Amino acid sequence: MENGGEKISVYPLNSYEFHPKTKPTRVFMFIYLCGIIALLYHHLTSLIFHSDHLLLSILLLVADLVLSFMWVTSQAFRWCPIRRKVHPENLSKVVSEEDLPLLDVFICTADPYKEPPIEVVNTALSVLAFDHPSHKISVYVSDDGGSQLTLFALMQGAKFAREWLPFCKKHKLSKRCPKVFFNQQHDSDQHTVSQEEFHKMKVLYEEMRTNVEHVMEQGYVHDDMIDNEDERPVFSKWKVNGFTRQNHPTVIQVLMESLKDVDVSGTSLPNFIYLSREKSKHVHHNFKAGALNALIRVSAIMSSAPIVLSLDCDMYCNDPQAPRLALCHLLDPVEGSKIAYVQFPQRYRGINPTDIYNNEVTRPFIINPEGLDGIGTVNYVGTGPFLNRKAFYGGPTQSNMNVFPGFNSDNGSDLLESRKEMSSKLVLEAAKRVADCNYEQGTNWGLTLGFRYGSMVEDYFTGYRMLCEGWRSVFLNPTNPAFLGDFPISLNDSLVQVKRWSVGLIEVAFSKYCPLTFGTKSNSLLMGMAYSHYAFWSVWAIPTIIYGLLPQLCLVHGIYLFPKVSDGWFYLYAYLFSATYVQDLIESYYIYGISFKKWWNEQRMWLIRGATCYSFSFVEFTLNQIGISSAPDFSLTSKVIDNEQQKRYDREIFDFGVESPFFVSLSTFALINLVSFSFGVMKVVFMEGILEEMLVQLFLSGFVLVNCLPIYEAMVLRKDGGRMPTRVTLISLLITLLLCYGARFAIK
Ligand SMILES: O=c1ccn([C@@H]2O[C@H](COP(=O)(O)OP(=O)(O)O[C@H]3O[C@H](CO)[C@@H](O)[C@H](O)[C@H]3O)[C@@H](O)[C@H]2O)c(=O)[nH]1
Ligand SMILES: [Mn+2]
C-alpha cells in the first residue's frame with residue numbers, strides 16, 4: 001500500500017495508507033460509466049423508434065435508471081479508500097496516564113425479555129474493565145424497558161465488579177466480558193490465571209447469573225432477593241400503581257460511585273449508573289435517540305466526560321485497549337479537535353462460516369467505511385463510536401458551548417460543586433429533571449442538539465448531520481475487533497431489522513435533509529453521493545422486482561425483451577452484468593479476504609432483501625406518508641437464543657419457519673422464476689433457433705433460480721421447524737399462478 005499519511009512527528013499517534021488499486025479502479029469507473037451511457041442511449045432509441053411493448057420498455061428503463069443511480073452514487077466509496085493504523089504505544093509520550101480524559105459510556109437496553117439482563121450486565125462489565133483509569137470511567141445504562149429485573153441484574157453486576165475488575169487487571173486479561181472469558185476453550189488468558197482463581201471467580205459469576213435468572217423466572221424482585229437495605233426503597237417504586245414501561249417516573253440509581261466505592265483490592269471503582277427516563281403515554285419518546293439524549297444530559301450533570309462511547313446492550317468490549325485506540329485519533333494534536341467520532345465497525349461473535357444471512361453486511365459495514373474515511377465522512381453505526389461530547393452541541397468551530405442548554409438551575413454553581421458527588425441530593429434532582437419526558441419541549445433537543453429525531457436510523461442521521469456541520473469522522477477496524485455483538489439468527493428477524501433500517505433511511509431521503517442536496521451543499525459532492533446511496537438504499541427493490549419478475553413473465557408468454565446474441569447490444573448487457581459482479585468479487589476476495597461462498601451469500605441476500613424488506617419498507621413509508629398507517633415502530637431485535645434455531649444456523653441451514661409476508665413475497669419470486677426457467681428450457685428443446693432470442697431472459701431466470709435453491713428445498717424437501725410453512729407455500733403458489741396467467745393480459 002502507498003503511504004499517504006505518516007505524520008511528521010516523532011511520536012505519531014496514527015497514520016493511514018491509500019488502497020493499492022485506486023488508480024485502476026478509477027479507470028474502470030470511467031469505462032463502466034461509458035457502458036451505462038451507451039445502455040441508456042440504447043434504451044432511448046428503442047423506446048422512440050421500435051418499441052412494440054411500450055410499457056415493458058419503460059419499466060426496463062426505470063430499472064436501469066435506478067441501477068445507474070446506485071452505481072454512480074456508490075463510486076464515492078471507491079474514490080479514495082484509505083486504511084488506518086494507530087500507534088497506542090506512543091500515547092503515553094503525548095499524554096500522561098493522569099491526564100487521560102474522562103470517559104462516559106452509554107449502554108441502551110429496552111426490554112428485559114428480548115434483551116436478557118444478564119447480557120446487559122456482561123456488556124457493562126466488559127467496559128467497566130476498560131484499560132483506562134477506573135475513576136475516569138462512568139458507565140450509564142439506559143433502560144427503556146423500565147424494568148426492575150434489569151436494575152436488579154445491574155446491582156448484582158456491581159457487586160460482582162468489585163471482584164471482577166481487580167481480577168481482570170491483575171491478570172491483564174484480554175477478554176473482560178465474563179461470559180466470554182468463562183466460555184473460551186483455549187486462550188492465552190487461561191494460562192495466566194491459576195485453576196483455583198479461575199474456579200473461585202467462576203463460582204461468583206455463576207452465583208450472580210443464577211440470582212438474575214431466578215428473578216427473571218419470577219418476573220419481579222421479591223423482597224428476599226434484596227440483601228442490601230439501601231436497595232430496598234428503589235424497588236418500591238415499581239410497587240406504585242400504574243408503573244408500566246410506557247408510563248413511569250424517572251428512576252436513577254447510582255450503583256457504584258468512584259469517590260466512595262473501592263474494589264476488593266482497594267482501588268477506586270468506576271461510576272456505574274442506572275437510568276430509566278420518565279415515560280408517559282402522552283409524550284413521544286423517540287426510541288433510542290430519545291434515550292441517548294436523556295443520557296447525554298444526565299451524564300453532563302453527573303460526570304461530564306469530554307468523550308462518550310455509545311453501545312447497544314449486546315455489544316461487549318472485546319479489547320480493553322479500545323479507548324486507547326480511539327484516543328490515538330481524538331487526542332491527535334492537529335486533527336483531534338475536528339473529529340466528531342471514531343467509529344469501530346459492528347462485528348459479531350458466532351457468525352457461521354459463510355455468513356448465510358450476510359449479517360456482517362460486509363459492504364456497508366466494512367468495505368464502504370474505508371471509502372468514506374478517505375473523504376472524512378465515515379457513517380455512524382449506532383454502536384461502537386467514541387464521540388466528542390461537543391459534537392452533540394454544534395459545529396467544531398462553535399465556541400462557548402453550554403453543555404446544559406436550556407437547563408436553568410437557580411443554584412448552578414452549587415450544582416457544579418456537588419457534581420463530584422454523584423449521589424448527592426442536588427445532583428440526583430438535577431439529573432432527574434433533565435430526564436423528564438417534558439424536558440425537551442420547546443428546546444432544540446432532537447433538532448440541532450444531541451441525537452436527531454425523525455428517522456428510525458438515528459445513528460446514520462445524527463452522524464450525517466454532524467458531518468454537515470463541519471465535523472470529520474474516522475474509521476478504525478483493528479484485526480482484533482474492539483467490540484463484538486449479537487445478530488439475528490433467523491432470516492425473518494434479519495429481514496425485519498433491515499426493513500427498519502430501510503424505513504429510517506427513506507425518512508432521511510425524503511426529508512429536507514436529503515443528502516443529494518443538503519449533504520452536497522453542506523459537505524461535498526462525494527459525501528452527498530455516498531450518503532444518498534444509503535438514504536435511497538431501498539430503491540434496490542425497483543430493479544430487483546422488475547428484473548426478477550418481468551423478463552420471466554414475458555418469457556412464459558413468448559415475449560423477448562433483450563437483444564439477440566447476434567446483436568452487438570447483447571454484449572453490452574453481458575459486459576455490464578458480469579463486470580460489476582466480477583469487480584465486486586475481486587474487491588471482496590483480494591482486498592478483504594472474503595471467501596467465494598461468503599460473497600455468493602452476500603449477493604443472494606441483496607436479492608432477497610430487494611424482494612422483501614426493501615419493497616416492504618417502501619410501502620410502509622408511503623402508507624405512513626399518506627396517513628393510512630401509523631408511524632413506524634422500532635421493532636427491537638430479539639437477543640434471546642432459540643436452541644433449535646441456533647443449531648440450524650450453525651449448520652448453515654436457512655430458517656424460514658414463520659408465516660411471514662416476507663416469505664410469501666420471496667416464495668412467489670422463487671416460483672415464478674422456476675416456472676419461467678422450465679418454460680424456457682422446454683422452448684429451447686422443442687423450438688429450434690429460439691435460444692438466441694431468449695438467452696438473456698433464460699439466464700436471468702436461471703440466475704434467480706440458482707439463488708433460490710434453499711427456498712425450493714425449504715418448500716418441498718424439509719421437515720424441520722425451519723421449513724417454509726405450508727400456508728406460505730400455498731399462498732405463493734396461488735399468487736404465482738395468478739401472476740403468470742394475468743400477465744398475459746397486462747403485457748400483450
Ligand atoms: O426504544 C428503544 C428502542 C431501542 N433501544 C436500543 O437500541 C439498541 C438497538 O436496538 P436493536 O433492536 O438491537 O436494533 P439493531 O438493528 O440491531 O441496531 C442497529 O440499528 C439501530 C438503528 O435502527 C442502531 O440504533 C443500533 O445502534 C444499531 O446497532 C438496543 O440496545 C436497544 O436496547 C432503546 O434504547 N430504546
Ligand atoms: Mn442489535
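These numbers come from a predicted model, not from an experiment. In listed order, ligands and their atoms are each counted from 1.
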Is there a polar contact, in the sense of an N or O pair closer than 3.5 Å, between D312 and ligand 1? yes
Shortest reach to atom 14 (O) of ligand 1 by a heavy atom, considering only R500, Q497, K279: R500
Mind checking whether A291 has an N or O less than 3.5 Å away from an N or O of ligand 1? no
Tell me if a side-chain donor or acceptor on D633 pairs with a main-chain N or O of S635 at a distance below 3.5 Å. no
Do the rings of F634 and F287 sit parallel, tilted or perpendicular, given the 30° and 60° boundaries? tilted
Among T244, V251, V221, side-chain contact (heavy atoms from CB on, under 4.5 Å) partner for W238: V251
Centroid-centroid distance, F77 to H533, less than 6.0 Å: yes
Can R347 be said to sit on top of F365's aromatic six-ring, NZ or CZ under 6.0 Å from centre and within 45° of the ring axis? no
Ligand-residue contact atoms, ligand 1 with D144, heavy atoms, under 4.0 Å: 1 (O), 2 (C), 34 (C), 35 (O), 36 (N)
Assess the pair Y531 and F518: is the distance between their ring centroids shorter than 6.0 Å? no
Quick one: do the S276 and D143 side chains pair a donor with an acceptor below 3.5 Å? no
Determine the minimum heavy-atom distance between V127 and C317, stating which atoms define it. CG1-CB, 4.1 Å
Any atoms of ligand 1 less than 4.0 Å from a non-hydrogen atom of Q346? List them with their elements. 28 (C), 29 (O)
Interfacing atoms of ligand 1 (cut-off 4.0 Å, heavy-atom, G382): 27 (O)
Determine whether the aromatic ring centres of Y380 and Y464 lie less than 6.0 Å apart. no
Taking only non-hydrogen atoms of C108 and a 4.0 Å limit, the atoms of ligand 1 in range are 6 (C), 30 (C), 31 (O), 33 (O), 35 (O)
Using a strict 4.0 Å cut-off to heavy atoms of F287, name the atoms of ligand 1 that fall inside it. 1 (O), 2 (C), 36 (N)
Counting from 1 in the order shown, the ligand 1 atoms closer than 4.0 Å to a non-hydrogen atom of V381 are 27 (O), 28 (C)
So if I apply the side chain to side chain donor-acceptor pair (under 3.5 Å) rule between Y592 and each of K598, R363, E370, which one comes out positive? E370
One finds that the ligand 1 atoms under 4.0 Å from a non-hydrogen atom of T383 are 27 (O), 29 (O)
Just need the protein heavy atom nearest to atom 25 (O) of ligand 1, so name the residue and atom and give the distance. E458 OE2, 2.5 Å
Consider ligand 1: state whether an atom of it lies below 4.0 angstrom from any non-hydrogen atom of K639. yes
Is the distance between the ring centroids of F451 and F461 less than 6.0 Å? no
Which residue and atom name correspond to the protein heavy atom nearest atom 7 (O) of ligand 1, and how close is it? K288 CD, 3.1 Å
Which atoms of ligand 1 have any heavy atom of C313 under 4.0 Å away? 31 (O)
If you measure every N or O of W501 against every N or O of ligand 1, does any of those distances drop under 3.5 Å? yes
Any idea how Y649 and Y357 line up, ring-wise: parallel (<30°), tilted (30 to 60°), or perpendicular (>60°)? tilted
Look at atom 33 (O) of ligand 1 and say which protein heavy atom is nearest, naming residue and atom and giving the distance to 0.1 Å. E115 OE1, 2.8 Å
Would V457 count as being in polar contact with ligand 1, using the rule that some N or O on each side must be under 3.5 angstrom apart? no
Taking heavy atoms and a distance under 4.0 Å, where does D459 meet ligand 1: side chain, backbone, both or neither? side chain
Using a 4.0 Å heavy-atom threshold (strictly under), name the region of F487 that reaches ligand 1: side chain, backbone, both or neither. neither
Tell me: protein heavy atom nearest atom 3 (C) of ligand 1, and distance? F634 CD2, 3.6 Å
Tell me whether the centres of the aromatic rings in F182 and Y205 are closer together than 6.0 Å. yes
Closest protein heavy atom to atom 12 (O) of ligand 1, given as residue, atom name and distance to 0.1 Å: T637 N, 2.7 Å
